[in-house]
> 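Structure provided below as structure tokens; questions to follow.
Labels below follow one simple rule: chain letters A, B, ... track the order of the sequence lines, proteins then strands, and each chain is numbered from 1.
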There are 2 protein chains.
Amino acid sequence: MKKSYCPIDTFINTIKGKRKGTIILHLFQGTKRYGELVKLMPDISERMMSKQLKELENDGLIIRTVFPEVPPRVEYSLTQLGIDIRPVLKGMYKGGLLFEQSIEGG
Amino acid sequence: MKKSYCPIDTFINTIKGKRKGTIILHLFQGTKRYGELVKLMPDISERMMSKQLKELENDGLIIRTVFPEVPPRVEYSLTQLGIDIRPVLKGMYKGGLLFEQSIEGG
DNA sequence: CAGCATCCGTGAGGATACTG
DNA sequence: CAGTATCCTCACGGATGCTG
């Protein structure tokens with residue numbers, strides 16, 4: 001993650017990746033396994049899912065925990081930073097609903 | 001603007017364009033002329049500025065008013081929809097600050 | 001003053017196949 | 001199960017110049 005000209009751009013650049021917002025939204029429900037996230041979001045390929053997850057991890061928003069089991073198990077959960085932006089994400093969700101209403105309304 | 005799989009993606013897709021967040025932030029201060037916006041954001045080219053402004057207009061977030069004068073004058077202001085998302089944008093701004101702190105903190 | 005036209009490079013993201 | 005590797009496309013955005 002790189003500092004931008006304005007904090008709002010820092011924020012946008014961090015969460016604008018493909019379906020990142022939805023991934024975080026799902027993690028608000030609690031820790032999830034990789035396969036669970038894939039099933040929850042059938043429209044994104046596994047390549048994209050792992051890319052986005054890795055970026056979110058690098059940006060300090062989520063934690064990746066590997067369990068040394070067979071078959072392998074990997075769980076994803078939010079960091080404190082990820083939890084902190086929950087109200088913002090909720091606001092964005094509501095904002096998205098507003099936008100969609102304004103489409104339908106013409 | 002196109003409806004997405006999840007409202008939060010609708011929102012992100014609408015404001016993820018280059019410097020759109022900052023443009024809206026400036027318009028919270030009140031109506032601004034095209035040249036004012038350009039001066040406020042020297043790092044983005046005029047081509048980009050007019051592109052972003054047009055997209056924001058198409059998405060129903062800002063209003064473009066042309067004054068039939070010589071020399072020409074064009075003013076940009078927020079629509080009700082643009083005003084409605086003010087708290088969200090403010091939250092994103094604060095979230096961006098959090099992210100930047102977490103960079104500096106390591 | 002407030003743009004648009006044109007050209008072009010880059011990288012985000014899609015499709016498919018393979019692996020520890 | 002949870003990824004990675006490879007290849008490819010196209011639209012986002014940069015640079016520059018022109019116009020009503």
> With a 4.0 Å heavy-atom cut-off, tell me which residues in residues 27-36 of chain B come close to DNA chain C, sorted by residue number.
B/R33, B/Y34, B/G35
> How does DNA chain D read in dot-bracket, base by base from 5' to 3', with Watson-Crick or G-U pairs under 3.5 Å and | used when the partner is on another strand?
||||||||||||||||||||
> Give me the first and last nucleotide of DNA chain D, going 5' to 3', that has any atom under 4.0 Å from a heavy atom of chain B.
D/dG13 to D/dG20
> Go through residues 41-56 of chain A and report each residue with a non-hydrogen atom lying under 4.0 Å from DNA chain D, sorted by number.
A/E46, A/R47, A/S50, A/K54
> May I ask you to list the residues of residues 57-67 of chain B, by number, that have any heavy atom positioned under 4.0 Å from an atom of DNA chain D?
none
> Hey, could you give me each pair passing side chain to side chain donor-acceptor pair (under 3.5 Å) that has a residue in residues 62-74 of chain A? Not counting sequence neighbours.
A/R64-A/Y76, A/E69-A/R73, A/R73-A/E75
> Picking from A/R19, A/K20, A/K16, what satisfies salt bridge (Lys or Arg N to Asp or Glu O under 4.0 Å) with A/E55?
A/K20
> Can you sort out the partners of B/K18 under side-chain contact (heavy atoms from CB on, under 4.5 Å), two or more places apart, ordered by chain and number?
B/M48, B/Q52
> First and last nucleotide of DNA chain C touching chain A, 5' to 3', heavy-atom cut-off 4.0 Å?
C/dG13 to C/dG20
> Show me the pairs that pass ring pair (Phe, Tyr, Trp, His ring centres under 6.0 Å) and involve residues 11-64 of chain A, at least two apart or across chains.
A/F11-B/F99
> Under 3.5 Å, which donor-acceptor pairs link side chains of residues 84-92 of chain A to any protein atom two or more places apart or in another chain?
residue: A/D84; atom: OD1; partner: A/Q80; partner atom: NE2; Å: 2.9

> For DNA chain C, find the residues of residues 5-20 of chain B with a heavy-atom distance under 4.0 Å and give them by number; none if there aren't any.
none
> Excluding sequence neighbours, so at least two apart, what forms side-chain contact (heavy atoms from CB on, under 4.5 Å) with A/E100?
A/L97, B/K3, B/P7, B/T10
